[in-house]
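These values consider heavy atoms only, across backbone and side chains, with no hydrogens, waters or symmetry-generated copies. Per chain, numbering begins at 1; letters A, B, ... match sequence-line order.
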Amino acid sequence: MGVSIMHDLILEIVNRLLLPFIQLFGMYILIHGHLSPGGGFSGGAVIGASLILYSLTFRFAKVKHRMDHDTSVFFEAAGALIYVAVGFVGLLFGFNFLTNRGVFPLGVPGQLWSGGMILVITLALGAKVSGTILSLFQELLEGGSDEHGTP
Amino acid sequence: MKKVLPVLVLAAIGILLILTVAEMPAFGDSNAPAHRGVMEKYLRDSAIDTGAINTIAAIILDYRAYDTLGEATVLFVAVLAVTATLYGGEHHA
Amino acid sequence: MFSVNHAPVLIVVMLLTAGFIVPLLGKKMALGRILFLSVGLVVVVLSLLTTFAVLESGTIVYAVGGWPAPHGIELVVDAFAAYSSLVISVISLIIYWFVVFAPREVKHEAGYYALILLLSAAMHGIVMTGDIFNLFVFVEISSLAAVAIIAVKGTKESIEASFRYLMLSALGSGGMLFGIALLFMITGQLSMEYMRVALSTTAGQYPLNLLTALGFMVIGFGIKSALFPLHIWLPDAHANAPTGSSALLSGLVVKVYIIAFMRIAYMTLGMDLFYILPLRQILLVLASLSILAGSVFAIVQDNIKRLLAFSTVAQVGYIFLGFSLLTERAVEGAIWHILIHAIMKTLLFLAVGVVIHQSGYKKISQIHGLARRMPFTFACITLGALSMVGIPGTAGFISKLYLALGALDAGQAIFAVLILASSLLSAIYYFPLIITAYFGHDALPNIKEPSLAVRLPLAVLSLAILFYGLMPSMLLPLVRQTALLITR
Amino acid sequence: MELLERLYTNIYYLVAVVLFVIGFHTMLTHKNLLKKLMALNIMDTAIFLFFVAIGYRSGGQAPILLPGVEKFVNPVPSALILTGIVISVSFTAFALALVVLLYKHYGTLDSDEIIAIRGKKHV
């Protein structure tokens, strides 16, 4: 893509200030998914949005900061594979696929460490969704141009 | 003809849907059929069954976790599809 | 520790896992191919195990996550599900083999394999689930993956066709979701069995609601399975896909949606409701129109793959016709036709794909005398075409016979006449293909048969056609049980 | 009159239905592929709105089981729509990728022009 955008000082400074808070908020939504509205998809979307913001502001300045293609596929697949692996844990203990009660410690409802596999899956989904959103955005942005080579 | 047909189709669908809306259980009715099915157990037992007090999280990640596995797969398929079509076609070979 | 009850969920999960792993392998594609084929093989074994278990001890009900039906998701593997899963696993293994060994048409190989694996996972998921929303989720996976395996070819035409397919498919999904919403509104249940129980009390109270829900469902599944007025996406999509994808889409994917629709019909509505509502008459009319329109449009095609695609429209009509006639033999015919058409259409698409790749010719008018250069491939095509027409001794005869007898059982001889007429029509559009290939004499001498590994799947499918044509008894108990499920 | 009253009670459903028809109308009448895609998203949103509205119970609160709250809305539709939204996003993403490619190949997003360029009649 031949488009070049100038360094915009305001954008960069504001982004630097804002990004940590956006990501922190995303993490909060993610980790408290079983206690308050939120969860893997919404938290992942917020974190993914922050990454998009980052790549929009700094992309043209530092191209090397874009997530490289294999990395994003790795995040994708890892999230999904953790999910499946959690399902198989239930199978190993002699329960059905994706069993929670009886396999994982459920904890005290209402505390942060509760919910058994729900917390694990939420984190896996969060990683997956944020990776997905970013890689979809970047792929559509580059629109199939050959910039970074074929995977 | 090309202009009239969509209007006719839309009118038919619209009228059918409006009549259906008129027949539906009243909005917000606590005893509507939709609330007489599976809801009660979810609200009563989810904290004990799953350890999560957010009932929606309990439903999507425990009671119906298989659905969410499918949902994660849909996302995965979307990314694979986008990658494979944008970078895999013959158009830049 | 391993009980056969886990087999159904393992089928889906193993395919999903393999689909997640294959793109990770990156450059090590040899490993990817081995994984691809071996997972296909394991799934065949698992679905055989499932089938035997179902035949022996009846329906397997598997509560995923340990939550039984109304609250959790249950897989309900009855005879129909076991049969469908067996058909899907065997046919797709043959297609996997072809895709691996045939000349590559797709650049992003790992992505293509992964998409095919995820598509198969979704198909198994659709036919085995007992939960209506879970069915919707798997339908979405399969729709998206089905479009993707067309678009990966990357030509202008395939991108255009897949975009149209995607839009219509998304429209169909919207219809399905709306239908599910309306059903949930009047039942409060998501499990199909429990929905039927709830419907038996509330259906009378909200008749219009139910009717609208069914209307949207029929439109949704009609689009996805190419029922007559909604088939417009199919010819372009199936004709412009890579060979393996065409076979997979025409042979299996379209039919999976019919199976899903029938499962919703007999599990959620109960067949009584099916009789009361005008649904059956509508389906009969649409199915007949599908048969006629598909056959007539196929006659005027010169492009071979488009011809095959239109023939799929007609065959979808046969299956819907059998299911909506609802006599025992008609339903058995439809169930047979799911398998037999999958075999025939896969064979034809693969063989035609081989011809197109070896010779570069896509049209009937170009293939003069080609059969002399590729005798084996054209023998397979001829056998497939004879079976599509329904010549006795081939598999296609069995299913058409059952369908016609079923129509007579229902006292509606007109449909038997329709089946006969459409067989004649299919003779009209298949024979030019064969005759042109065997006669005429300007084939280029440098056209050769494909490698042995590519010929193997064609040979297996041809043998299957002869085998079922001569001895149709092997799957009979399964087909009987399925028909009883639907007609009870 | 009674019909209007019933429609007024179910005004949320009615709005969702109207939105659905608007989306469908755009889908049928507009030629631009991007607009068709937006129409699809409007229709999806309408269905989501409808589905979530089913779950409302008057006076109910968000289904998070905190002490002191007596009445909750039905959590099932919300949970299902979470799935539905993700599916819709995936469809949109893939459709956008196809739109990008179509524009590359045909140089236009008008569906009539694309068909004209491709020069094949549709049966």
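The two residues B:Arg64 and C:Asn134 have their closest heavy-atom pair at NH2-N, 3.9 Å. Between C:Val152 and B:Ala84 the shortest heavy-atom distance is CG1-CB, 3.5 Å. Considering every non-hydrogen atom in both C:Asn209 and B:Pro25, the closest pair reads ND2-CD, 4.2 Å. Taking every heavy atom of both residues into account, C:Gly19 and B:Phe76 meet most closely at O-CE2, 3.7 Å. Closest approach of C:Ala151 to B:Thr85, counting heavy atoms only: CB-CG2, 3.2 Å. Scanning all heavy atoms of the two residues, the minimum distance from B:Leu80 to C:Ala114 falls at CD1-CB, 3.5 Å.
For the set B:Val82, B:Leu19, B:Asp49, B:Ile59, the entry with the most heavy-atom pairs within less than 4.5 Å of chain C is B:Asp49. With respect to chain B, the highest number of heavy-atom pairs below 4.5 Å among C:Thr212, C:Thr201, C:Ile159 belongs to C:Thr212. The greatest number of non-hydrogen atom pairs below 4.5 Å with chain B, out of C:Gly66, C:Gly125, C:Pro207, C:Ala63, is found for C:Pro207. Interface remark: of the candidates C:Pro70, C:Ser142, C:Ala198, C:Gly111, C:Pro70 forms the most heavy-atom pairs closer than 4.5 Å to chain B. Between chain B and the options C:Leu211, C:Leu115, C:Val147, heavy-atom pairs under 4.5 Å are most frequent for C:Leu115.
Only the side chain of B:Leu69 comes within less than 4.5 Å of a heavy atom of chain C; its backbone N, CA, C and O stay farther away. Interface remark: B:Ala78 contributes backbone and side-chain atoms alike to the contact with chain C (heavy atom separation under 4.5 Å). Of the atoms belonging to C:Ile149, not a single heavy atom falls under 4.5 Å from chain B. Contact of C:Leu16 with chain B is made through the side chain alone, with heavy-atom distances under 4.5 Å. Of the two parts of C:Leu75, only the side chain, counted from C-beta on, holds a non-hydrogen atom closer than 4.5 Å to a non-hydrogen atom of chain B. The parts of C:Phe20 that come within reach of chain B are both its backbone and its side chain, each placing non-hydrogen atoms under 4.5 angstrom from that chain. Contact annotation for C:Ala145: both backbone and side-chain heavy atoms come within less than 4.5 Å of a heavy atom of chain B. For chain B, the nearby part of C:Pro23 is the side chain; its heavy atoms alone come within less than 4.5 Å.
Checked options C:Val12, C:Val137, C:Ile141; the residue passing with B:Thr73 is C:Ile141 (criterion: side-chain contact (heavy atoms from CB on, under 4.5 Å)). Each of C:Phe133, C:Trp67, C:Phe138 was checked for a ring-ring contact (aromatic ring centres under 6.0 Å, His included) with B:Tyr66, and the lone residue meeting it is C:Phe138.
Rounding to the nearest 0.5 Å places CG of C:Asp131 at 6.0 Å from CG of B:Asp67. Separation of atoms NE2 (B:His35) and CE (C:Met185) is listed at 8.5 Å; rounding is to 0.5 Å. Interatomic distance, C:Ile73 CD1 to B:Thr68 OG1, rounded to the nearest 0.5 Å: 7.5 Å.
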* **Test log, rule side-chain contact (heavy atoms from CB on, under 4.5 Å), inputs C:His71 and B:Tyr42** => CA-CA 8 Å; C:His71 303 102; B:Tyr42 286 147; 4.0 Å; yes
* Asked: Taking it one step at a time, do C:Phe178 and B:Leu17 satisfy side-chain contact (heavy atoms from CB on, under 4.5 Å)?
  -> CA-CA 11 Å; C:Phe178 211 162; B:Leu17 284 176; 4.3 Å; yes
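Heavy atoms of other residues, nucleotides or ligands lying less than 6.0 angstrom from CD of B:Glu40 number 12 at most.
In this structure, C:Leu182 and B:Met24 have side chains that are in contact, with non-hydrogen atoms separated by less than 4.5 Å.
Between the side chain of B:Glu23 and the backbone N or O of C:Leu208, at least one donor-acceptor pair lies under 3.5 Å.
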